[in-house]
There are 2 protein chains.
Amino acid sequence: MKGKAALTTDFIVETVAPIFNKNGYYGTSLSHLTKATGLTKGAIYGNFKNKEDIAFAAFEFNVDVVVEKIKADLADITDGVGQLYALFNFYRKYRMHTIAIGGCPIINIGVDANHQNDNLLHKVQEVIERLQYYIQKMIVLGQDQGTIKSDINAVTYAKRIFASIEGAMFMTATMNDESYINDMMDHIDNLVKTELEINSH
Amino acid sequence: MKGKAALTTDFIVETVAPIFNKNGYYGTSLSHLTKATGLTKGAIYGNFKNKEDIAFAAFEFNVDVVVEKIKADLADITDGVGQLYALFNFYRKYRMHTIAIGGCPIINIGVDANHQNDNLLHKVQEVIERLQYYIQKMIVLGQDQGTIKSDINAVTYAKRIFASIEGAMFMTATMNDESYINDMMDHIDNLVKTELEINSH
DNA sequence: AATAAAATATACCGATTGGTATAATTTATG
DNA sequence: CATAAATTATACCAATCGGTATATTTTATT
């Protein structure tokens, strides 16, 4: 039914997603979007109701880019502990993977939307809950498989690990210094090894 | 010489500092500033060269608010380990102290300025370097006092501690959940106790 | 190839943006 | 208390903001 428009919609989202991610909602104007896409306002508003809907789609696209890469890295790993270490390794190369879209969309849009756009903030919160739940499930899987101590609180550790990663990514992006994320992943590796894993000796 | 204007300048900065912190640079308009201060554009531009200079002053004011509170909490503590624990306790009540100005200015302006305003980003970077150096000095003081292991890397730990705190504050602000910062400070307390301190037993 | 439908471009809208020249008003100084 | 200087208010500027009605072009259908 709508062949061309669907492709154009996707093209717009892909093209403007890094702009919203870098500049935020009010820092991104319609002229940014027309200039980047080569389209006119008429074309853009034929594909989206308003600027806010473009920002929603851009955020979701940026998150999907990252999530798909994580899924690819974890595709063949079936043990919880292995999934955790693979996830940590992904974040070591996170910057390389996301510098094209302007850094972590969760931090960028989380900060941008807070105090500004409740609908967008709620979307960020949902994504955080989802990603945190992935980590939580990996811990629980490890517990079911007998490789992670059964008495540790999976929710608490998932939240702490996620917060640590976000903090290190913020610092790496702000200071332009990859040692923050690399050192933090070393630290979390060690945390899992010493506090979560059951020592087999 | 300039009695009234200096007071007005301070009044403007104090009044608009939370607005810039919450809304960011492009999210804050001159009409926000005139409305909040009750002054006209003429008055504001009589005290500042342009909008960017107001944003600079606002960021520095917000940082000072936090730094002064930290200094007050650490005033009477002369041992490095004690200073570290007092700093961590400050961050447990950080949200309470900074919710009025709209959260952590380092995260807010760090994200806002990145990809947008290099001059402002450099100011954020300078503040981060300064605060990190404070933590580093506390660790070195502990080493000099014989309470912290001499072989640990003060710079590495200062960076990791700072990144962890920023991450937890971002999560607490974004998810409106204080458990992130509280749990993270528990974790860092434990980190200092188990990895940094020399056990006296 | 003709026609209907979908998609894009053009041209415009009122409102707001950051900023400024100038007039009116305070404030300090003699 | 008069006057000069500093400060604030008013009125305006061009440019840009997000958004839309309509005209034009492109695409799908017959």
Side-chain angles (χ1 to χ4, degrees), chain A residues 1-59 109 112-113 115-121 123, chain B residues 1-59 109 112-113 115-121 123:
Chain A
M1 278 297 173
K2 39 143 73 180
K4 187 79 185 307
L7 288 174
T8 305
T9 301
D10 290 349
F11 166 73
I12 293 171
V13 172
E14 291 166 27
T15 307
V16 309
I19 302 174
F20 272 104
N21 201 39
K22 287 177 193 161
N23 301 345
Y25 187 75
Y26 287 107
T28 303
S29 69
L30 261 295
S31 67
H32 282 117
L33 310 186
T34 55
K35 192 177 174 185
T37 56
L39 296 168
T40 60
K41 274 198 280 190
I44 289 175
Y45 275 90
N47 286 274
F48 292 94
K49 190 176 99 222
N50 52 31
K51 185 185 167 187
E52 193 178 31
D53 273 13
I54 311 175
F56 290 164
F59 172 68
I109 307 303
D112 186 64
H115 306 108
Q116 295 255 54
N117 187 324
D118 274 350
N119 293 328
L120 196 46
L121 179 62
K123 281 186 185 288
Chain B
M1 278 296 174
K2 37 143 74 183
K4 185 80 186 307
L7 288 174
T8 304
T9 301
D10 291 349
F11 166 73
I12 293 171
V13 172
E14 291 167 28
T15 308
V16 308
I19 301 174
F20 272 105
N21 201 38
K22 288 176 194 163
N23 300 346
Y25 187 74
Y26 287 107
T28 302
S29 68
L30 261 295
S31 67
H32 282 119
L33 309 186
T34 55
K35 191 177 175 185
T37 57
L39 297 168
T40 60
K41 275 197 281 190
I44 288 176
Y45 276 89
N47 286 273
F48 293 93
K49 191 175 100 225
N50 52 31
K51 184 184 166 186
E52 193 177 31
D53 273 13
I54 312 175
F56 290 164
F59 172 67
I109 308 303
D112 186 65
H115 307 106
Q116 295 254 53
N117 188 325
D118 274 351
N119 292 329
L120 196 46
L121 179 61
K123 282 188 183 287

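Worth saying up front: this structure is predicted, and the values here are computed from it rather than measured. We name chains A, B, ... by the order of the sequence lines, and we start the count at 1 in each one.
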S.K.: Rounded off to whole Å, could you give me the CG-to-C1' distance for the Leu7(B) and dA28(C) pair?
M.R.: 14 Å
S.K.: Over how many whole Å does the gap from Phe48(A) atom CZ to dG19(D) atom P extend?
M.R.: 13 Å
S.K.: How would you summarise protein contacts on nucleotides 10-17 of chain D per nucleotide, using B for base, S for sugar-phosphate only and - for none, with heavy-atom distances below 4.0 Å?
M.R.: B------S
S.K.: Does Phe20(B) reach the side chain of His32(B), with side-chain heavy atoms less than 4.5 Å apart?
M.R.: no
S.K.: Restricting to side-chain hydrogen bond (donor to acceptor under 3.5 Å, both in side chains), what partner residues turn up for Asn117(A), sequence neighbours left out?
M.R.: Glu52(A)
S.K.: Starting at OH of Tyr45(A), measure out to CG of Leu39(A) and round the result to the nearest 0.5 Å.
M.R.: 13.5 Å
S.K.: Between atom NZ in Lys35(B) and atom C1' in dT16(C), what is the gap in whole Å?
M.R.: 14 Å
S.K.: Would you say OH of Tyr26(A) has more than 12 non-hydrogen atoms from neighbouring residues, nucleotides or ligands within 6.0 angstrom?
M.R.: no
S.K.: Within the structure, does a side-chain N or O atom of Thr8(B) lie under 4.0 Å from either OP1 or OP2 of dT8(D)?
M.R.: yes
S.K.: Is the shortest side-chain N/O distance from Tyr45(A) to OP1 or OP2 of dT20(D) below 4.0 Å?
M.R.: no
S.K.: Do Val16(A) and Thr28(A) have side-chain heavy atoms sitting under 4.5 Å apart?
M.R.: no
S.K.: Just the rounded figure in Å: distance from P of dA15(C) to OH of Tyr26(A).
M.R.: 18 Å
S.K.: Using only side-chain N and O atoms of Asn50(B), determine if any of them is under 4.0 Å from OP1 or OP2 of dT20(C).
M.R.: no
S.K.: Without decimals, in angstroms, what is the distance between Ile54(A) CD1 and dG19(D) C1'?
M.R.: 11 Å
S.K.: Contact between Thr9(A) and Phe48(A) at the side-chain level, heavy atoms closer than 4.5 Å - yes or no?
M.R.: yes
S.K.: Starting at atom CG of Asn47(A), determine the distance to atom P of dT20(D), rounded to an integer number of angstrom.
M.R.: 15 Å
S.K.: Between atom CD1 in Ile12(B) and atom C1' in dT8(D), what is the gap in whole Å?
M.R.: 10 Å
S.K.: Do Thr40(B) and Thr34(B) have side chains that get closer than 4.5 Å, going by heavy atoms?
M.R.: no
S.K.: Please give, in whole Å, the distance from dT20(C) P to Ile44(B) CD1?
M.R.: 14 Å
